[in-house]
There are 2 protein chains.
Amino acid sequence: MTSISKDTAAADPSSPDPGPDPGPAADAATGWSRVTARDIAEELGVSVSTVSRAFTENAVIAPETREKVHQAAERLGYQPNPFARSLITRRSKIAGIVVADITNPFYPEVLASLTRRLQDTGLQTMLFFAGPGRKTDDALPTLLQYSPDVAIVLAATMSSEMVTACRAAGTPVVLFNRYVPGSGAAAVCCDNFDGGRQVAEALAAAGHRRLAYIAGLPDTSTNTDRLRGFVERCAQLGVEAPIVEEGGSFTYEAGFTAVKRLMDRRNPPDAIFCANDIIAIGALDAARRELGLSVPRELSVVGFDDISMAAWPSYSLTTVRQPVNAMIETTIDEAQRLLAHPQAQAEEHTLPGRLIRRGSARLEETT
Amino acid sequence: MTSISKDTAAADPSSPDPGPDPGPAADAATGWSRVTARDIAEELGVSVSTVSRAFTENAVIAPETREKVHQAAERLGYQPNPFARSLITRRSKIAGIVVADITNPFYPEVLASLTRRLQDTGLQTMLFFAGPGRKTDDALPTLLQYSPDVAIVLAATMSSEMVTACRAAGTPVVLFNRYVPGSGAAAVCCDNFDGGRQVAEALAAAGHRRLAYIAGLPDTSTNTDRLRGFVERCAQLGVEAPIVEEGGSFTYEAGFTAVKRLMDRRNPPDAIFCANDIIAIGALDAARRELGLSVPRELSVVGFDDISMAAWPSYSLTTVRQPVNAMIETTIDEAQRLLAHPQAQAEEHTLPGRLIRRGSARLEETT
DNA sequence: CTGAAAGCGCTAACAC
DNA sequence: GTGTTAGCGCTTTCAG
């Protein structure tokens, strides 16, 4: 697969070779050497169509012809030009991924797995960064230029007009870890609501009396659903309503500063549920290093995501694990479904999360 | 024969629009539909060439014509198809980025800044993941298919054959944070050798007597250069040669386990220089949580990179800061230079790093 | 300054 | 099964 046209000297009898033979279609001046289907066709004395067919699944072509073409291609270093191809097929074999917040370690992890899985499916990834400062909607026209077979939006909201525009352009959109109700965009999420409930339950069962929530970016479904589940379950269990402290964003600093405000209150909480892991880690650091608190003896901290850092001994963070791999599979499936059936109704998928008990929260009833 | 044969008859003066009025792009607000240059041309009664010229810098076209075209384009939601364009211009306006190790938080940070800066330059990013398990060389043929205007390789080595293949295909390669001597690939690195020297100097000056180095991935220039600078400077300063402990990879776990082996020795070190930050953080965690050591009183730990985590209070890691932004600018400049002058000699750029003194190392002479 | 014509490299009918 | 013929949407000579 690594071969490049090297020793194909005999191919072109007419041209006086300047130095080492660059093979067919070489442009010595620019350094450009791109082997085309025609080069292969001429080399083999077949038509370009035949060469094309050799590289098309389910094309009618004699097996031995295909083999011959593949060999020649290998030898001369030919690969079909995906741009020319997609001009006709109207399939770009490209997935456009929009990332809003790479600061949160959850997303590099997702991005890596997602891209890899996409590659396995034959889709290459084009990456677009939105915020901060750049809205998702702004990144999308550029993305749409490339008419990707699917647009996957990580950690960001988008306007329903934009979703409509994408669909009009034939590009299905799948939101990952967000949903925009009524937008018509497909979405794949962890069950944030239930995750919040699980945390409330575990914390209440362990006898925590005064609960708090450190919020992330307002108006995001992840943030509000986790909170809603948490609050609602507290109410059901007869636990006093949690204090809600605005973090403002899903960042380390948000958690770091919020926890200090929280513990400054007359009546500080004995357990804090954070909108996500990176907030929780910030909170943990501030609690221990700045406030000198012993975790979990004096304060329990719970996160959400289960990023790899959560398992590090320094943090040993109790958290709700998002089923990332399942979410990725679902995302890819949904994308393929939407691509295959352009008229299909976009679906919102919700996958269950699971509370991972580590050391940052006291979760057994103390005796 | 030639391409224009579709509506020779029907496309006369005022074509009566069938049904919904505005023609090909009803949703002006949403900004996109599959509108082609021809739609604009017909709408305006000009030729496709003119439309094309309106979107080409330095093309000869009347300013008011260009304006007219732009307005129509805006109104109908037209954007040039980059694939069709690049078929002719042989410039894809795409940067191919190969990432090997996203586990190391240094790279998401780089990736984000790099992609953003590239976007500012008018280049979109295609992302390819190599290892673990997938070699860089394997990712490159796929990348080359898209004939990106530049290939940027993060954190990975590649064979010089592959570099040659890329150049032959007209794609300049810039290695970021690695170099492969004699490969002919351009490279942008922090001065790892000097970084190692700086650490040796600071550690020696503070009176540390027994030094150690936790190595990362063997045979990478980052790893070996940092070590070389460290060892060499120690020798010059008359400090006993550092113990070298193999970590095996640039990971948290590598640091975590290596430090335990190191401290298990008869004659354990009192200062450890780690091949990068994430190793150092693993080492720090193991030293404190597993071995119960007080840092920096009983053990100094120094990293390399200055990832954002290094500044967190839990770690407060003393480390050598890589000049990431300058490295990115250099990378982009070098890429553009190589693209503009295909025959130009690829250069290896080395930018100075700086030791950031935080709390994980005792760097003043104790009294 | 603009339009007509000729492709870029490829796939997709349609013949044979 | 394979070749021939039309384009995909665009840029680019080359006339005028």
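The figures here come from the full heavy-atom set of this structure, side chains too, leaving out hydrogens, waters and symmetry mates. Naming convention: chains lettered A, B, ... in sequence-line order (proteins, then strands); numbering from 1 in each chain. Predicted, not measured: the structure shown is a model, and the values here were computed from it.
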Q) Under a 4.0 Å N-O cut-off, is there an ion pair linking A:Glu64 with A:Lys68? A) no
Q. Which whole-number value in Å describes the distance from A:Leu44 CG to D:dT2 P?
A. 11 Å
Q. When only distance counts, do a donor and an acceptor, one from the side chain of B:Arg53 and one from the base of C:dG3, lie under 3.5 Å apart?
A. yes
Q) How close or far is atom P of C:dG9 from atom CD of B:Gln145, stated in whole angstroms? A) 15 Å
Q) Can you check the A:Glu42 CD to D:dG3 C1' distance for me, whole Å? A) 15 Å
**Q.** Within 6.0 angstrom of A:Arg66 CZ, more than 12 heavy atoms from elsewhere
**A.** yes
Q.
Between B:Thr65 and C:dT2, is there a contact of a side-chain N or O with OP1 or OP2 at under 4.0 Å?
A. yes
Q) Nearest of C:dG3, C:dT2, D:dG9 to any side-chain atom of B:Ala62? A) C:dT2
Q. From D:dC8, C:dG3, C:dG9, pick the nucleotide closest to the side chain of B:Thr50?
A. C:dG3
Q. What's the CG-C1' distance between A:Asn81 and C:dG9, to the nearest Å?
A. 6 Å
Q. CG of B:Asn58 versus C1' of C:dC1: gap in Å, rounded?
A. 16 Å
Q.
Using a heavy-atom cut-off of 4.0 Å across all strands, would you classify B:Ser52 as base, sugar-phosphate, or nothing?
A. base
Q) Between atom CZ in A:Arg34 and atom P in C:dC10, what is the gap in whole Å? A) 7 Å
(Q) Could you check whether any side-chain heavy atom of A:Asn81 comes within less than 4.5 Å of a side-chain heavy atom of B:Leu87, counting everything from C-beta outward? (A) yes
Q) Which part of the nucleic acid, if any, lies within contact of A:Arg90, taking any heavy atom under 4.0 Å across all strands shown: a base, the sugar-phosphate backbone alone, or nothing? A) sugar-phosphate
Q) Okay, side chain of A:Ser52, backbone of A:Val48: is any donor-acceptor separation there less than 3.5 Å? A) no
Q) B:Thr50 and B:Ser47: side-chain donor and acceptor closer than 3.5 Å? A) yes
(Q) Check for me whether the distance between the ring centres of B:Tyr78 and B:Phe55 falls short of 6.0 Å. (A) yes
Q: Starting at atom NZ of B:Lys68, determine the distance to atom P of C:dC1, rounded to an integer number of angstrom.
A: 14 Å
Q) Stem ranges for DNA chain D, with three or more consecutive Watson-Crick or G-U pairs under 3.5 Å? A) C:1-11 with D:6-16, C:13-16 with D:1-4
Q | Closest nucleotide among C:dC1, D:dC10, C:dC10 to the B:Pro80 side chain | A | D:dC10
(Q) Closest approach to the side chain of B:Arg85, judged atom by atom: which nucleotide of D:dT11, C:dA4, C:dG9 is it? (A) D:dT11
Q) Between B:Tyr78 and D:dC10, does any side-chain N or O lie under 4.0 Å from OP1 or OP2? A) yes
Q. Atom CG of B:Leu144 and atom P of C:dG9: how far apart are they, to the nearest Å?
A. 15 Å
Q: Could you say whether B:Ser49 or B:Ile88 is positioned toward the 5' end of DNA chain C, judged by the nucleotide with the nearest heavy atom to each?
A: B:Ser49
Q.
Is any side-chain heavy atom of A:Gln119 closer than 4.5 Å to one of A:Gln124?
A. yes
Q: Show the numbers, then the answer: is there a side chain to side chain contact (heavy atoms under 4.5 Å, CB included) between B:Thr115 and A:Phe128?
A: CA-CA 8 Å; B:Thr115 300; A:Phe128 301 83; over 6 Å; no
Q: Using heavy atoms to find the nearest nucleotide of DNA chain C for B:Ile61 and B:Ala84 separately, return the residue whose nucleotide is more 5′.
A: B:Ile61
Q) Heavy atoms under 4.0 Å, any strand shown: does A:Val51 hit a base, just sugar-phosphate, or nothing? A) nothing
Q) Which nucleotide in the set D:dC10, C:dC10, C:dG3 lies at the smallest distance from any side-chain heavy atom of B:Ala37? A) D:dC10
Q | Sugar-phosphate, base or nothing in reach of A:Ser86, heavy atoms under 4.0 Å | A | nothing
